[in-house]
Amino acid sequence: MSYTSSQRAAIECVDRNLQIVACAGSGKTDVVSRRIAELLLVPGVEPANIVAFTFTDKAAAELKDRVLRRVQDAGGSTLGLAEMFIGTMHAYCLDVLQRHVPETFRYRVLSDVTNRLFIDRHSKEAGLTSCPTRLASTPTLYRYRDSRLYQQVLSVLREDEVDDAAVPDQVWDSFAQYIRLLGKASYFDYTQMILTAVELLEDVDDERGRAIRDHVLGALKYLVVDEYQDVNPLQERLIRALTSGGSNLCVVGDDDQTIYQWRGSEVSNILTFAQRYEGVETVVLDDNFRSSKGVVDLGRTVAESLPAGARLAKTMTAAGHQQWQRGDLLALTFDSPQAEASWICDRMVELRGVPFVDGPDAAARGLSWSDFAVLYRSVAKDADPLVDELRRRDIPYVVKGLNRLFHSAEIAAVVTVFAYLVGEVGSETVQSAWENAEIVPSGRDWKSAFGVLETARAIKAGARWGVYNIQRLYLDLLAALEVREDTIPGTPARAELVFYQLGKFSQAISDFEEIHFQSAPAAKYRAFRDWLTHQAPDYYAESDADVGYAQPDAVVISTVHQAKGMQYPAVFVPCLRRNRFPSKRHGGVGLFHVIPDVAVAQPDRYRGTVEDETRLFYVAVTRSQKYLAMSFSPGGNQLFARPSDFMRLASTNQHVSTKHTWLGPSIQRLAPTPRRATPQVTLTFSELKYFFDCPYQFKIRFLYGFNPPLHEALGYGKGLHDALAEVHKRALDGVLLTTADVEDLVDRHLHTPYAYPALRENLVQSARAALERYFDAHGREIPNTIHSEKQIQVHLGEGVVVDGRVDLIRRLDTDEVAVVDFKSTERAQPEDVTRDQLHVYALGYEELVGESPDLIEVLNLDDKGKSTREEVEAPLLAAVRHRVLEAGNQLRANDLPRHQSWCRACDKCDVADLCRSRRDA
DNA sequence: CAGGATATCCTTTTT
DNA sequence: GGATATCCTG
């Protein structure tokens, strides 16, 4: 791989703060990963000294993979690579907290949906309904209706730089209530994880804060921040705090690609970076290797239409191998959306099989469906005509960025069940909805199914919480109707898709029940039903062919936002309508009705400006490697009847044609061949355990997404683990806890939010007993702790990685090293599965330190459970390595069969009813 | 061309 | 129910 001089400058700059301004297609990820590999060659630099932030988990996975390959290329060692943090800032902060702050071990993270459920469920206590607005018509926010806005207010107050005095006192009161409630329930929302970590790191005076600073900053020598243009003020504070100890900082970004300002991104971070940090070296990567000179020139035109003062100076230049030809770039106008959709399909058919060269040294291949991407400002509002046309013509497609789970007939049918439970519809409605959705074969006996529902409905207030578990009800209902992949009418492919939908619904139930587990039965069903109609549809995406690890050869329909970071040989940007793209400003009760806009430094970020939309258009254009068709057709009403200014901008560019001439039949065509990438498979230890137990159970749980019912004792095992983690971590710091600390430990770590009071008391007792037993039996060995909760990775080659955490690594009196796994219940697990699992741990340890452990141990904390200890054997290690690789290949081939017949794995399987009838047992 | 009346909208998405 | 774009009127 050869680099340009500026790329090399960026890679080699390891001793100064560095700003890499990377244009679209400039090989950014490659440069960053190479630089990290280079850092590892610096004498004295260990993987644990490097932290790299990305914006998404997906980007993190990609960077990790790249770094690994670069390290291998550079002949470096992959030893200990698991100690390098590559991930989002959220994940990093959570990791720091849960590594160093025992009080936070028990905290769980609220997602966007569960956070909203939480706010609505506790609307008064969370301050929602007392939060004032500046509108006479809406004196305060309303439950349900305004909870989303309230979420935004809560994050702006913490993530932005807010002029405290300009925010009304009552708004602050609401805010304080929310924060108090969040802590009381032991939750972090996304913002709070970062804020908590930042405040600890900033607090130089606090004794404990200083200890954490020493740990964190002591290890950190190099910090890399990708997508720096999208960093918000709180995240900038984190970066500041992390580099305050003098670590080297490298930020990478492109101010022209700031597209998340409505989430608080602050472009000025990147614009003024060089002034705000010491001795900054700036490297501009303006060679675009991705696109033809036509695309690059159009992209530059778009970027340069932005006001000059608001950008970093750079001139994107075409430097790749893609050739521009007249006719590649089109700006076309159509009379109707249907005509536009039809032309797009024609154009795809025309381009299919046309020779395309992926890289400078690659052989030509024929373009295939997955080489085409159609990018919309709003898929939800504009993509329907194209989807209809693609379906009509049998062209495969996947739609990204659309929450339509609840539009599907299957889920609509499932929802009727809950309408029935609250007495809104009769049994005939339910039955006919299910039959219309073709989930069950017609003529199925519905008696037992309604029996399940009757039992659920008859539950009285005061019953144990576990009894009117909605998840249980759902799974029982599917079991009663014998809904399984092999009984769903239609082809196996259809059955699989239906199962993905049903699995997602199971996830929705889990989200709801996490917050509403303890609501009284009638209220709970009612709340669930309302949530299903009003809120849930906005959060859950329909499943299409793009699921699991298999990669379909299908046209991609996506929003511009979701296409960020992607590239495609041919890109379509249709529906360039005025008031849609650029989008017009919107009305309604908004952020600034709660927080005055003067309280925020750059309020326009949250409003959206033409410049923001221009940057979005820039992102859309620069996704294309060669072919790009921008088009307009008048939309449904007069607001969208005229073309966007972007149409004019595009058509005045000299590389763009405004008329399309069909390629003649003489043009050379190759067999369509999709770009082949071997998907990366990353598994955790616990997922792998299920896979070893039964591949089909793994599929039901992790690919389809079915969740077992929430268990009332949930949290017990984690609490024990956390308590022991504190014991061992303190030991590493030289503090030895004893039996006298048991009560404290249990208080701090045992969090069982779903336990009814009597159970809770039981769990406290058994947790204390378990810890006391541990101190009795192993107290003497605690000082021999080498690692507690050690992050490990196993790289198996061929893109298969296993991630995990080893509970304990300790030295025995024999001076041997043992890898230890705690089990909190004696719940039987076949012995061979346990051994497989432990050998994977051993592999992880080997990759961490370079030699395998001597022993692997299972320590059962339960009083009856038995503990095992065995020697690590090389042949077993090799065999396990092989089995994990095989698992990765099976996953990629979507080959996850069920066992031949009912077996012992089925006996303990929570989702066995979705697999086979119990009559077979 | 200014200003009032009317029609139409109420994204985008990551953690 | 509020904000905005565009239409309409003089």
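In this text the structure is predicted, and so the values were computed from the model without any measurement. Per chain, numbering begins at 1; letters A, B, ... match sequence-line order.
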Report summary line: If pairing means Watson-Crick or G-U wobble with both distances under 3.5 Å, then the partner of C:dT6 is B:dA5
Requested in this report: Please determine which of A:C131, A:S174, A:S130 meets the side-chain contact (heavy atoms from CB on, under 4.5 Å) test together with A:L141.
Outcome: A:C131
Query raised in the report: Below 4.0 angstrom from OP1 or OP2 of C:dA5, is there any side-chain N or O of A:R642?
Result: no
Query - Separation between OH of A:Y260 and CG of A:L616, rounded to the nearest 0.5 Å - result: 9.0 Å
Report task. May I ask you to decide whether A:D230 forms a salt bridge with A:R263, counting only side-chain N to carboxylate O separations under 4.0 Å? Result -> no
Query raised in the report: With respect to the phosphate group of B:dT12, does any side-chain polar atom (N or O) of A:S378 fall under 4.0 Å of OP1 or OP2?
Result: yes
Query raised in the report: Between A:D803 and A:Q793, is any side-chain donor less than 3.5 angstrom from a side-chain acceptor?
Result: yes
**Report entry** Distance in angstrom units between A:F592 CZ and C:dG1 P, rounded
**Finding:** 23 Å
Query raised in the report: What about A:R377, does its side chain sit under 3.5 Å from the base of B:dT12 through a donor-acceptor pair?
Result: yes
Report task. Give one of base, sugar-phosphate or nothing for A:D230, where a contact means two heavy atoms less than 4.0 Å apart. Result -> nothing
Query raised in the report: With respect to the side chain of A:K584, which nucleotide from B:dT15, C:dT6, C:dT4 is positioned closest?
Result: C:dT4
Requested in this report: For A:E611 and A:P307, indicate whether the former's side chain and the latter's backbone hold a donor-acceptor pair under 3.5 Å.
Outcome: no
Query raised in the report: A:T88 near the nucleic acid: base, sugar-phosphate alone, or nothing, with a heavy-atom cut-off under 4.0 Å?
Result: sugar-phosphate
**Report entry** Pi stacking test for A:Y260 and B:dT12: under 5.5 Å apart, planes under 30°
**Finding:** no
Query raised in the report: Between B:dC9 atom C1' and A:F581 atom CZ, what is the distance in whole Å?
Result: 18 Å
Requested in this report: Take atom CZ of A:R404 and atom C1' of B:dT13, then tell me their distance rounded to the nearest Å.
Outcome: 17 Å
Query - A:I259 CD1 to B:dT11 P, straight-line distance once rounded to whole Å - result: 18 Å
Requested in this report: Could you tell me the separation between the CZ atom of A:R148 and the P atom of B:dC10, rounded to a whole number of Å?
Outcome: 13 Å
Query - Rounded distance in Å between the C1' positions of C:dT4 and B:dT11 - result: 15 Å
Report task. Using atom OH of A:Y539 as one end and atom P of B:dT12 as the other, report the distance to the nearest whole Å. Result -> 13 Å
**Report entry** Whichever of A:T559 and A:K381 has its nearest DNA chain B nucleotide further upstream toward 5'
**Finding:** A:K381
Query raised in the report: A:Q562 side chain N/O closer than 4.0 Å to the phosphate oxygens (OP1, OP2) of B:dT14?
Result: yes
Requested in this report: State whether the distance check finds a donor on one side and an acceptor on the other, under 3.5 Å, for side chain A:R263 versus base B:dT14.
Outcome: yes
Query raised in the report: If you check the A:H593 side chain, which of B:dT12, B:dT15, C:dA3 turns out closest?
Result: C:dA3
Query raised in the report: Starting at CZ of A:R158 and ending at C1' of B:dT15, how long is that distance when rounded to a whole Å?
Result: 12 Å
Query - Separation of atom CD in A:Q152 from atom P in B:dT14, rounded to whole Å - result: 16 Å
Query raised in the report: Any side-chain N or O of A:N579 under 4.0 Å from OP1/OP2 of C:dT4?
Result: no
Report task. Check every atom of B:dT12, C:dA5, B:dT15 against the side chain of A:Y190 and return the nucleotide holding the closest atom. Result -> B:dT15
Query raised in the report: Just checking A:A91: base, sugar-phosphate only, or nothing, at a heavy-atom cut-off of under 4.0 Å?
Result: nothing
Query raised in the report: Hey, what do you get for CD1 (A:I557) to CD (A:Q562), rounding to the nearest 0.5 Å?
Result: 12.5 Å
Query raised in the report: Any side-chain N or O of A:R580 under 4.0 Å from OP1/OP2 of B:dC10?
Result: yes
